[in-house]
Amino acid sequence: MDDTEVLVVGAGPAGLALACALRLHGIAAQVVDSASGPASTSRANILHARGVEVLDRLGALGDLPDRALSAVTITQYLDGRPAITIRFGDVGLGAARPALYISQADIEAELRRRLAELGAGVRWNTPLVELTQDADGVTALLGDERVPLRCRWLAGCDGSHSTVRKLAGIGFSGVRLTEGFLLADVHADWPVDRAGGHGWPHRDGPFFALPMREAGGADDLWRLMAYDPTGADGVPGDQEIVERFRRLVPERTGRADIRIKDAVWTSAFRVHRRLADTYRRGRIFLAGDAAHIHSPLGGQGMVTGMGDAENLAWKLALVAHGRAADALLDTYEAERRPLATEVLRQTSAATRLQVGDSPFMRFLRNRVLVPVANLPAVQRRAGQLASQLWVTYRRGPLGGGAGSRRRPRPGDRVPDLACLRPDGGATRLHAELGRRWVLLSPGGDTYAYADEARERLGDTVTALTRDSGTQRDVWLIRPDAHLAWRGRHAAARLGPWLDRVLRQEQTQS
């Protein structure tokens with residue numbers, strides 16, 4: 001195996017997204033995975049708006065929107081009747097794309113397709129068995145033959161039981177939140193609307209049913225999830241899980257008109273909340289489930305991990321190309337770990353609310369939150385939280401703080417906008433990002449700024465103008481769609497700002 005600039009361990013959504021983003025930035029990246037081949041089971045099956053935007057910017061969206069269920073809704077029932085319906089599609093939040101109900105396996109397949117287009121692939125049956133690092137790079141020993149591979153950086157995207165995290169000696173602090181949950185993808189006769197998901201609170205724990213699409217199959221595939229703390233001890237088998245679901249369906253939903261025919265995949269798990277003590281140890285980084293795990297309620301796993309990958313990629317690229325100091329890489333943890341902390345807090349609260357069986361928790365869930373949740377403002381807020389379009393780095397080391405009144409503030413996500421190229425051709429802002437930085441102007445005055453930006457960032461800077469809107473100054477937008485800098489035409493401070501952020505006077509080879 002040839003040496004590489006970045007070795008990515010783990011071919012899940014975070015690892016594949018990281019490798020694609022690095023290749024887009026011209027960085028040699030290889031992906032290895034201990035599995036024998038790609039996963040064929042669904043595991044996660046919802047990708048919220050920010051994750052869909054990441055795929056769009058990476059050129060990895062493909063035909064997923066055509067194969068997915070979009071305009072996602074979740075309907076909660078009380079006393080057998082619909083009580084709340086929350087929509088997770090594009091509800092005026094400035095999303096370039098709505099959320100998608102789609103299998104994680106399908107998302108990974110599109111990322112592998114895109115990675116192949118970018119000249120790389122996945123080395124399967126290649127576990128990491130040992131690693132050492134020094135001032136210049138990392139040596140990884142791979143596979144039973146302990147084949148050495150030398151890289152400048154190594155990224156652990158290898159899941160909650162991360163070998164990279166363990167070999168790097170990084171702690172994974174946290175607690176177990178719940179006892180058992182059961183999962184199953186089943187074919188079922190189920191006379192409920194497949195346009196969205198369904199949930200039934202119950203004193204013994206919640207029950208969820210989410211529609212899924214199956215390539216070339218009948219339109220009757222469902223993801224079932226149920227809290228089952230009193231289930232059988234040990235690890236239940238597939239048939240045991242299916243039989244348990246057949247008993248739980250009428251108990252939890254109150255319906256007798258549902259028939260489970262067979263199962264495609266089953267799983268049993270307990271919910272943990274854990275966060276890596278650090279995201280970086282020298283030249284070793286963690287992303288995705290290797291850095292944070294939490295409740296699956298809310299579907300925040302894939303979207304958070306892919307956001308990690310996109311954030312890390314452009315920073316590694318600048319350092320690898322010698323355009324920024326190594327210290328820029330510390331901003332990866334500074335920006336992403338606080339977000340993971342917030343996601344863990346939100347998903348933990350949602351889990352406790354759903355599984356709490358005290359009289360107070362049942363009263364709070366059924367008699368207080370249901371009326372409140374039907375308010376339009378609460379619905380919008382719920383959709384926004386799930387989408388992760390609210391994510392901002394304004395309080396981080398590259399942000400502008402909370403003092404500015406002009407929005408977006410440096411660190412905020414910039415929504416997809418209609419723009420014009422220098423030749424007058426129409427384009428979208430997010431279509432120009434991913435591999436590039438964008439200088440966006442309300443007029444044609446970005447060109448002096450473009451010279452300053454390209455001098456420091458290279459030829460990955462493109463100058464665009466707004467097709468319409470009220471923008472009054474020039475914006476520099478990061479490849480991950482967050483605002484880096486904004487300034488008035490008469491106050492050319494972009495160059496000094498970039499020098500400070502990139503710390504070019506300290507740049508190391």
Side-chain angles (χ1 to χ4, degrees), residues 12-14 41-51 72 74 76 84 86 88 99 101 104 159-162 172-185 197-210 223-231 241 248 252 266-276 286-308 336-358 361-362 364-365 369 373 381-388 390-391:
T41 54
S42 63
R43 293 160 291 156
N45 70 334
I46 183 171
L47 185 63
H48 286 290
R50 184 184 179 93
V72 178
I74 298 289
Q76 289 254 5
I84 313 169
I86 298 176
F88 294 108
Y101 263 144
Q104 179 177 330
S160 59
H161 301 290
S162 172
F172 202 38
S173 304
V175 296
R176 190 173 75 196
L177 289 179
T178 72
E179 297 299 329
F181 268 90
L182 299 178
L183 279 178
D185 293 344
H198 306 267
W200 289 265
H202 190 272
R203 65 179 301 158
D204 295 330
F207 184 97
F208 298 95
L210 308 173
R223 159 68 57 84
L224 305 183
M225 183 169 71
Y227 184 54
D228 188 34
T230 61
I241 291 176
L248 287 174
R252 301 283 176 90
T266 68
S267 179
F269 65 95
R270 291 172 174 172
V271 174
H272 290 253
R273 180 190 67 201
R274 298 191 181 277
L275 182 63
L286 301 178
D289 287 354
H292 43 74
I293 58 171
H294 46 78
S295 170
L297 297 183
Q300 297 295 289
M302 274 198 293
V303 63
T304 306
M306 290 167 64
D308 292 344
R336 294 300 296 178
R337 196 170 184 275
L339 166 65
T341 301
E342 179 62 18
V343 169
L344 265 64
R345 186 192 67 80
Q346 292 174 6
T347 55
S348 297
T351 300
R352 291 190 180 103
L353 181 63
Q354 287 283 355
V355 305
D357 62 355
S358 68
M361 290 299 288
R362 292 198 299 271
L364 179 64
R365 182 171 58 231
L369 294 181
R381 180 60 176 165
Q384 184 185 47
L385 286 175
S387 73
Q388 288 203 17
W390 56 271
V391 171

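If you read the sequence from its start, that first residue is 1, and numbering goes on from there.
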Are side-chain heavy atoms of [X] and [Y] found at a separation under 4.5 Å?
X      : Y      : value
Ile74  : Phe208 : no
Ser160 : Arg274 : no
Pro296 : Phe269 : yes
Met225 : Phe181 : yes

How close do [X] and [Y] get, heavy atom to heavy atom, and via which atoms?
X      : Y      : value
Leu286 : Ala276 : CD1-CB, 3.8 Å
Leu344 : Arg273 : CD2-CG, 3.4 Å
His292 : Gly305 : CE1-N, 4.2 Å
Ser387 : Val303 : O-CG2, 4.4 Å
Met302 : Ile46  : CE-O, 3.5 Å
Phe207 : Ala226 : CD1-CB, 3.7 Å

> side-chain hydrogen bond (donor to acceptor under 3.5 Å, both in side chains) with Gln388: which residues, sequence neighbours excluded?
Replying inline: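 By the side-chain hydrogen bond (donor to acceptor under 3.5 Å, both in side chains) rule, Gln388 matches Gln300, Thr304.
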> What pairs with Thr266 under side-chain hydrogen bond (donor to acceptor under 3.5 Å, both in side chains), at least two apart in sequence or on another chain?
Replying inline: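 Only Asp238 meet the side-chain hydrogen bond (donor to acceptor under 3.5 Å, both in side chains) criterion with Thr266.
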>> Using the rule given for side-chain contact (heavy atoms from CB on, under 4.5 Å), can you reason through Glu342 versus Trp390, listing the C-alpha separation, both sets of side-chain angles and the distance that settles it, and then say yes or no?
In response: CA-CA 12 Å; Glu342 179 62 18; Trp390 56 271; 3.8 Å; yes
Straight-line distance of [X] [atom1] to [Y] [atom2], nearest 0.5 Å:
X      : Y      : atom1 : atom2 : result
Met306 : Asp308 : CE    : CG    : 11.0 Å
Thr341 : Gln346 : OG1   : CD    : 11.0 Å
Leu248 : Ile241 : CG    : CD1   : 11.0 Å
Asp185 : Asn45  : CG    : CG    : 7.0 Å

> Do any N or O atoms from the side chain of Asp228 and from the backbone of Gly180 form a donor-acceptor pair under 3.5 angstrom?
Replying inline: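 Looks like no, no N/O pair under 3.5 Å.
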> Counting N and O atoms only, with roles assigned by atom type, does the side chain of Arg252 sit under 3.5 Å from a partner on the main chain of Gly205, one being a donor and the other an acceptor?
Replying inline: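 At least one qualifying donor-acceptor pair exists.
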>> Give me each pair satisfying salt bridge (Lys or Arg N to Asp or Glu O under 4.0 Å) with a member in residues 296-305, each pair once, sequence neighbours excluded.
In response: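 Sorted pair list comes back empty.
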>> Test of understanding: with salt bridge (charged side-chain N to carboxylate O under 4.0 Å, His left out), list the residues that count as partners of Arg50, not counting sequence neighbours.
In response: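 For Arg50 there are no salt bridge (charged side-chain N to carboxylate O under 4.0 Å, His left out) partners, ignoring immediate neighbours.
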